[in-house]
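Report on one structure; see the data block that follows.
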Protein chains: 2
Amino acid sequence: MDFNTLFKNEGVTLNKEKGDHVFMQGEVDGSIYYIQSGLLKAYYTSEDGKESVKSFIATNDIIGSLSTALSEKNCSFSLICLEPTTLIKIPISRLIEHSKKDLEIANSMIDVLLNLSIKKEIREYEFLCLSAEERLNKLMQLQPQLIEKVTQNDLARYLGVTPVGLSRIKKRILKG
Amino acid sequence: MDFNTLFKNEGVTLNKEKGDHVFMQGEVDGSIYYIQSGLLKAYYTSEDGKESVKSFIATNDIIGSLSTALSEKNCSFSLICLEPTTLIKIPISRLIEHSKKDLEIANSMIDVLLNLSIKKEIREYEFLCLSAEERLNKLMQLQPQLIEKVTQNDLARYLGVTPVGLSRIKKRILKG
DNA sequence: AGCGATCATTAACCGAGGTTAAAACGATGG
DNA sequence: CCATCGTTTTAACCTCGGTTAATGATCGCT
C-alpha cells in the first residue's frame with residue numbers, strides 16, 4: 001500500500017484555527033501528523049516558563065512526537081497552529097503495524113525518517129558550529145518566506161536567542 | 001533476513017588504531033558502520049580550522065554519513081578513532097536494496113533511524129534549552145564513563161565551548 | 001478618535017564564555 | 001633526574017547576548 005493512501009484511508013482530518021494547540025507538552029500523543037496546509041510551531045516550555053522554538057512545520061511536512069511515543073519525557077513539546085491548518089492524524093502504532101507487514105509502507109517510513117534525521121543533523125550542526133548571527137543569515141537565504149510569517153519572538157526563540165538579542169543582531173547585519 | 005546477519009554476511013570488518021581516520025570531511029563515504037568495539041569521534045572542521053565535536057560513538061553504536069550519502073555537503077564530517085576500534089562497514093546502497101525486498105531488514109532500518117532521530121532530538125533540545133553548564137551536568141550524570149575517556153578539548157568541543165571555557169565551568173560546578 | 005494590547009526596538013547593565021598567552025601539571029624518554 | 005611534549009588550568013581582556021525596563025509601532029475594539 002502507498003503511504004499517502006494509508007494516510008487518506010486510516011487518517012483523521014483535523015481543521016484547526018490559528019492559536020489552537022494540536023497537543024501540549026507532557027501529554028502522550030502517539031500520533032504522526034501530515035500537514036495538508038497551514039503553519040505550526042513546535043516548542044518547549046521550561047520549568048521557569050521560558051519558551052524555545054523547536055521547529056516550524058509547514059505544508060506537506062510530517063510531524064510527530066517521537067520521544068513521547070517512546071516515553072522519553074525529557075523533550076516532549078507542544079504543537080500550536082500559527083495559521084489556520086489542516087492536518088491528517090494517524091497513530092504511530094498503526095504505522096508501525098503496517099510497516100511490519102507492508103514493504104512499501106516500511107520504505108516510506110524509512111524515507112520519512114531519513115529526511116527527518118538529515119534535518120535534525122543540519123540543525124544540530126547549526127547550533128554546534130554557527131553563531132546566532134550566522135544561523136539567521138542562513139535562514140534568511142534558505143527560507144525568507146518563513147521569516148515574513150512568524151513573529152520576532154518566535155524567530156528569536158528558534159534561533160536560540162531572545163527577541164532583544166535578535167533585534168540587536170538584525171541591526172548589526174544591516175550596518176554591514 | 002536478520003539485520004545482524006546482514007552485517008556479518010555482507011559487511012567488511014575493519015581494524016583501526018587510535019588516531020586512524022575512518023573517513024574525512026568532504027569525502028563521499030556512502031557507508032554505515034557498526035562499532036564492534038572501541039571509541040570514535042565524529043567532528044566538523046570549519047573553514048578557519050576550528051573543530052567541533054558532533055558525537056562520540058561507542059561499542060554497539062551505528063554511525064554513517066547520512067548527509068554525504070544524500071550529497072548534502074553542508075555538514076559532512078570526519079570520523080576518527082580515539083581507541084583501537086573494530087568496525088563493520090556496509091554500503092548504504094546495499095542496506096536500501098535489502099530494505100526494498102526484505103521486511104525484516106526494513107524494520108531494522110526503521111528501528112535504527114528512530115533511535116537516531118531520538119538521539120538527535122535530545123541533542124537539539126540540549127543546545128536549544130540548556131546552558132553549557134547544564135549540558136555538562138547532564139553528561140556527567142548519564143555518561144560519566146565517557147568523560148573519563150576523552151580529553152578536555154574534545155569534551156569542550158562536544159559541549160559547544162572551548163577548553164578554556166570548560167575549565168571555568170568545571171571550577172564553577174565544584175565551588176557549588 | 002481614543003484605548004488597551006501585542007509586538008518590535010532601544011538603552012544600560014551584567015554575566016557567560018571567547019581569545020590570547022602564560023603557567024602548572026602531568027606523562028614520557030634520554 | 002632532568003628535558004620535553006601534550007594537556008589542563010589560570011589570568012586579563014573583550015564580545016556577545018541575557019535581563020530589565022522604557023519607548024515606539026501597529027492593530028483591533030468600542
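A, B, ... follow the sequence lines: proteins, then strands. Residue 1 opens every chain. When reading the values below, keep in mind they use all heavy atoms of this one structure, side chains included, and skip hydrogens, waters and symmetry mates. Model, not experiment: these values are computed from the prediction.
- Annotation: ring pair (Phe, Tyr, Trp, His ring centres under 6.0 Å) contacts involving residues 101-124 of chain A, sequence neighbours excluded, are absent.
- For the pair B:Asp102 (side chain) and B:Met1 (backbone), a donor-acceptor distance under 3.5 Å is present.
- Distance, B:Lys18 NZ to D:dG6 P: 13 Å, rounded to whole Å.
- Across the protein-nucleic acid pair, B:Arg172 atom CZ and D:dT9 atom P stand 14 Å apart, rounded to whole Å.
- Using a 4.0 Å cut-off between charged side-chain N and carboxylate O, B:Arg135 and B:Glu126 make no salt bridge.
- Using modelled atom types, no side-chain atom of B:Arg94 and backbone atom of B:Leu6 make a donor-acceptor pair closer than 3.5 Å.
- A salt bridge does not link B:Asp2 with B:Lys8: none of the charged nitrogens is closer than 4.0 Å to a carboxylate oxygen.
- Nucleotide D:dC16 holds its P atom 17 Å from the CG atom of A:Leu159, rounded to whole Å.
- The distance from atom CG of A:Leu136 to atom P of D:dG17 is 11 Å, rounded to the nearest whole Å.
- First and last contacts of DNA chain C with chain A, using any nucleotide atom under 4.0 Å from a protein heavy atom and ordered 5' to 3', fall at C:dA8 to C:dA12.
- Placement of B:Val150 and B:Val164 in two distinct hydrophobic clusters is found when ILVMFWY residues are connected by side-chain heavy-atom separations under 4.5 Å, directly or transitively.
- The aromatic rings of B:His21 and B:Tyr43 sit tilted, their planes meeting at an angle between 30° and 60°.
- Among pairs with a residue in residues 86-118 of chain A, none fulfils ring pair (Phe, Tyr, Trp, His ring centres under 6.0 Å), at least two apart in sequence or across chains.
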Heavy-atom protein contacts under 4.0 Å, nucleotides 19-25 of chain D, coded B base, S sugar-phosphate only, - none: BB-----
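- Contacts of A:Leu166 with the nucleic acid, taken as non-hydrogen atoms under 4.0 Å apart, are absent.
- Below 30°, between 30° and 60°, or above 60°: for B:Phe77 and B:Tyr44 the angle between ring planes is above 60°, a perpendicular geometry.
- The stretch residues 143-152 of chain B has no heavy atom under 4.0 Å from DNA chain C, so no residue of it qualifies as close.
- The nearest whole Å value for the distance from the CD atom in B:Glu51 to the P atom in D:dT7 is 11 Å.
- One finds a salt bridge joining B:Lys41 and B:Glu51 here, because a Lys/Arg side-chain nitrogen approaches an Asp/Glu carboxylate oxygen to under 4.0 Å.
- Counting only residues at least two apart or on different chains, the side chain to side chain donor-acceptor pair (under 3.5 Å) pairs with a member in residues 78-87 of chain B are B:Asn15-B:Thr86.
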